[in-house]
**Q** 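Starting off with a structure, shown below.
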Amino acid sequence: MPARDLMDIGPTTYVFSSRGCPYDCVFCASTRFFNRVRFFSAEYVVSEIEELVKNYPVKEIFFMDDLFIADKKRVFKIKELIKSKGLDKKVEFGASIRTNLLTEDIVSALKEMGIKFVTCGLESGNPESLKYLKGATVSVENNRRAVRLCNNAGIRVVGSFVIGHPTETKRAMMDTYNFIKKNKLHYADVYVLTPFPGTPIWDYAKKRGLVSDEMDWSRLKMDFRENFEKAIILSERLSRAQLRSMHRKFYRMLEMRRFIQRIREKLAIILQARGK
Ligand code: SF4
């Protein structure tokens with residue numbers, strides 16, 4: 001068990017139930033930290049949750065795994081144990097998913113165990129870009145379907161997207177823009193492709209002389225709005241200025257969505273209070 005007594009545990013906390021991911025997305029550094037996937041048993045994971053619920057004021061737990069649903073059988077077992085111990089009534093959960101694995105039975109299991117939101121790298125609304133970033137293991141249709149399944153189950157979807165791979169055109173980026181607009185995501189973030197050491201994208205950037213082992217590492221900071229002057233631009237199609245303008249376009253849309261969402265949430269609170 002982690003020595004949580006050394007930490008300040010509040011209402012929201014984290015559990016690692018596994019390490020690593022069986023997939024190999026071109027930009028992903030986390031699979032370079034863990035060269036194979038390792039899972040805690042369902043029994044152990046649930047014992048950590050029990051300990052948290054018993055000893056701390058925990059109301060929400062996020063499974064910090066790279067891919068919580070990588071082993072489906074284990075997800076079903078965790079769900080069974082959580083329910084049999086009544087933990088689903090005491091705490092809410094969030095977890096990471098990959099949309100090609102999100103079958104209906106997994107969505108039901110996630111809902112039953114008390115998962116309220118999932119995070120996933122949806123990456124792109126353009127089929128070629130998605131293939132470049134994640135290989136042929138997931139499709140735009142998988143992403144669309146997963147968002148729909150989660151929405152139907154009342155599970156919020158937090159999606160992240162990546163623009164600016166070497167051959168990506170403005171038109172392909174607009175497919176992502178339209179995907180975000182048309183699909184009901186609780187929250188979305190858009191990043192510009194960043195070459196982290198150890199990834200295929202790093203090797204590509206190195207061949208082009210864009211990165212080196214002695215570089216200024218702050219150039220890899222992922223907040224493009226803050227770091228756009230120093231960020232490494234991998235695009236062969238768009239200049240830094242054009243990429244910045246595209247990124248701004250995404251953010252204007254995202255900020256507008258967040259604004260509308262906040263208003264809706266406030267209205268819901270007001271209406272609920274009046275109803276009482
Ligand atoms: S699915 Fe997620 S964790 Fe796994 S390799 Fe891709 S980006 Fe990394």
Side-chain angles (χ1 to χ4, degrees), residues 21 23-28 66-67 69 95-104 106-107 117-153 155-196 199-201 204 222-225 228 231 233-261:
C21 173
Y23 293 95
D24 205 10
C25 304
V26 283
F27 54 84
C28 182
D66 283 336
L67 183 53
I69 64 170
S96 51
I97 61 155
R98 204 175 198 271
T99 63
N100 55 305
L101 298 179
L102 203 78
T103 45
E104 285 183 26
I106 281 286
V107 177
F117 73 96
V118 289
T119 59
C120 51
L122 299 170
E123 322 304 3
S124 181
N126 175 271
E128 283 79 39
S129 294
L130 190 61
K131 191 168 175 197
Y132 179 91
L133 295 165
K134 292 185 98 76
T137 52
V138 66
S139 66
V140 175
E141 188 43 41
N142 285 149
N143 286 348
R144 214 174 275 124
R145 182 171 180 273
V147 174
R148 196 173 56 240
L149 285 175
C150 287
N151 283 334
N152 291 345
I155 297 173
R156 300 190 299 270
V157 180
V158 176
S160 57
F161 296 85
V162 178
I163 58 169
H165 76 68
T167 55
E168 192 173 40
T169 59
K170 255 190 191 179
R171 184 175 289 189
M173 290 179 200
M174 283 309 293
D175 286 343
T176 300
Y177 184 93
N178 290 325
F179 182 97
I180 298 173
K181 258 184 120 171
K182 285 184 192 154
N183 289 276
K184 196 176 156 208
L185 302 169
H186 177 71
Y187 190 87
D189 241 327
V190 178
Y191 299 94
V192 171
L193 186 61
T194 304
F196 289 112
T199 64
I201 275 294
Y204 164 85
M222 282 170 65
D223 188 338
F224 191 68
R225 284 179 300 176
F228 77 95
I233 304 300
L234 298 170
S235 178
E236 297 168 10
R237 304 290 175 98
L238 276 74
S239 65
R240 185 180 300 271
Q242 287 171 317
L243 210 46
R244 187 189 186 200
S245 139
M246 274 309 278
H247 193 253
R248 277 183 162 167
K249 185 178 170 72
F250 275 90
Y251 261 84
R252 277 197 299 275
M253 184 248 289
L254 292 177
E255 273 159 14
M256 178 54 76
R257 280 171 62 124
R258 283 170 203 160
F259 176 72
I260 293 170
Q261 200 169 321

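As the structure is a computational prediction, the values presented were derived from the model and not from experiment. What you see below is based on every heavy atom in this structure, not just the backbone, and it leaves out hydrogens, waters and symmetry mates.
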**Q** On a heavy-atom basis, which atom in Ser124 and which in Leu133 lie closest, and how many Å separate them?
**A**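 Of all heavy-atom pairs spanning Ser124 and Leu133, the closest is CB-CD1, 4.4 Å.
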
**Q** As an exercise, state the distance from OG1 of Thr176 to CG of Leu130, rounded to the nearest 0.5 Å.
**A**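 Answer rounded to 0.5 Å: 8.5 Å.
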
**Q** In Å, rounded to the nearest 0.5 Å, how long is the span from CZ of Phe179 to CE of Met174?
**A**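 Those atoms lie 14.5 Å apart.
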
**Q** To the nearest 0.5 angstrom, please state how far the CG atom of Leu193 sits from the OH atom of Tyr132.
**A**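 OH of Tyr132 is found 6.5 Å from CG of Leu193.
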
**Q** Search all heavy atoms of Ser235 against all heavy atoms of Arg237 and return the closest pair with its distance.
**A**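 In this case the closest contact between Ser235 and Arg237 is OG-N, 3.0 Å.
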
**Q** Are any side-chain N or O atoms of Arg258 and backbone N or O atoms of Ala188, one a donor and one an acceptor, separated by less than 3.5 Å?
**A**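 It does hold such a pair.
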
**Q** With Arg225, which residues qualify under side-chain contact (heavy atoms from CB on, under 4.5 Å), at least two apart?
**A**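 If we apply the side-chain contact (heavy atoms from CB on, under 4.5 Å) test to Arg225, skipping adjacent residues, the hits are Asp223, His247, Tyr251, Glu255.
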
**Q** Can you list everything that forms a side-chain hydrogen bond (donor to acceptor under 3.5 Å, both in side chains) with Asn142? Sequence neighbours excluded, please.
**A**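 Partners of Asn142 under the side-chain hydrogen bond (donor to acceptor under 3.5 Å, both in side chains) test: Ser139.
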
**Q** Does a donor on one side chain sit under 3.5 Å from an acceptor on the other, for Thr119 and Ser96?
**A**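 Per modelled atom types, Thr119 and Ser96 side chains form no pair under 3.5 Å.
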
**Q** Just to verify, which of Ile201, Thr167, Val192, Leu243 counts as forming a side-chain contact (heavy atoms from CB on, under 4.5 Å) with Leu234?
**A**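 Looking at Ile201, Thr167, Val192, Leu243, the match for Leu234 under the side-chain contact (heavy atoms from CB on, under 4.5 Å) is Ile201.
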
**Q** How would you list, by chain and number, every residue that makes a side-chain contact (heavy atoms from CB on, under 4.5 Å) with Pro200, sequence neighbours excluded?
**A**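 Partners of Pro200 under the side-chain contact (heavy atoms from CB on, under 4.5 Å) test: Val26, Arg32.
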
**Q** How about Ile69 and Leu67: do any of their side-chain heavy atoms sit closer than 4.5 Å?
**A**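 They are in contact (side-chain heavy atoms under 4.5 Å apart), so the answer is yes.
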
**Q** Could you check if a side-chain atom of Thr199 sits within less than 4.5 angstrom of a side-chain atom of Phe27, using non-hydrogen atoms only?
**A**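 No - every pair of side-chain heavy atoms lies 4.5 Å or more apart.
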
**Q** Sequence neighbours excluded, which residues qualify as side-chain contact (heavy atoms from CB on, under 4.5 Å) partners of Arg257?
**A**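 side-chain contact (heavy atoms from CB on, under 4.5 Å) check on Arg257 returns Ile180, Leu185, Met253.
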
**Q** Can you find a heavy atom in the side chain of Met222 that is under 4.5 Å from one in the side chain of Phe196?
**A**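 In contact.
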
**Q** So, taking the atom named CZ in Phe117 and the one named CD1 in Ile155, what distance separates them when rounded to the nearest 0.5 Å?
**A**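 Separation between the atoms: 11.5 Å.
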
**Q** Rounded to the nearest 0.5 Å, what separation is found between the NZ atom of Lys134 and the CG atom of Asp24?
**A**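 One gets 11.0 Å once the value is rounded to the nearest 0.5 Å.
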
**Q** Does NZ or CZ of Arg244 come closer than 6.0 Å to the centre of the six-membered ring of Phe224, within 45° of the ring's axis?
**A**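 No; the conditions do not both hold, so Arg244 does not lie above the ring face of Phe224.
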
**Q** Could you measure the distance from the CD atom of Glu123 to the OG atom of Ser160? Nearest 0.5 Å is fine.
**A**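 Taking CD in Glu123 and OG in Ser160, the distance rounds to 5.0 Å.
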
**Q** Evaluate the side-chain contact (heavy atoms from CB on, under 4.5 Å) criterion for residues Glu168 and Glu128: first the C-alpha distance (whole Å), next the side-chain angles of each, then the deciding distance (0.1 Å), finally the verdict.
**A** CA-CA 9 Å; Glu168 192 173 40; Glu128 283 79 39; over 6 Å; no

**Q** Using every non-hydrogen atom in the two residues, find where Cys150 and Leu102 come nearest and quote the distance to one decimal.
**A**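 Of all heavy-atom pairs spanning Cys150 and Leu102, the closest is SG-CD2, 3.6 Å.
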
**Q** Any pair with a residue in residues 177-186 that passes side-chain hydrogen bond (donor to acceptor under 3.5 Å, both in side chains), sequence neighbours left out, goes on the list, sorted by first then second residue, please.
**A**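 Residue pairs passing side-chain hydrogen bond (donor to acceptor under 3.5 Å, both in side chains), neighbours aside: His186-Gln261.
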
**Q** Test: ring-ring contact (aromatic ring centres under 6.0 Å, His included). Region: residues 134-153. Which pairs qualify, not counting sequence neighbours?
**A**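 Applying ring-ring contact (aromatic ring centres under 6.0 Å, His included) to every pair that reaches into residues 134-153, excluding sequence neighbours, yields nothing.
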
**Q** List the atom of Arg98, the atom of Cys25, and the distance in Å for their closest heavy-atom pair.
**A**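 Taking every non-hydrogen atom into account, NH2-SG, 3.5 Å.
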
**Q** Please give me the minimum heavy-atom distance between Val107 and Ala153, naming the atom from each residue.
**A**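 What the structure gives for the nearest pair is CG1-CB, 3.6 Å.
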
**Q** Check the side chains of Asn143 and Thr99 for a donor-acceptor pair under 3.5 angstrom, ignoring hydrogens and angles.
**A**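 Yes - a donor-acceptor pair under 3.5 Å links their side chains.
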
**Q** Is there a side-chain contact between Phe161 and Leu254 in this structure, where contact means two heavy atoms from C-beta onward sitting under 4.5 Å apart?
**A**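 When only atoms from C-beta onward are counted, Leu254 and Phe161 do not touch, as no gap falls below 4.5 Å.
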
**Q** Looking only at heavy atoms, which two atoms of Arg240 and Ala231 are closest? And how far apart?
**A**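 The answer is NH1-O, 2.7 Å.
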
**Q** Assess whether side-chain contact (heavy atoms from CB on, under 4.5 Å) is satisfied between Val158 and Tyr187, documenting all intermediate values.
**A** CA-CA 5 Å; Val158 176; Tyr187 190 87; 4.1 Å; yes

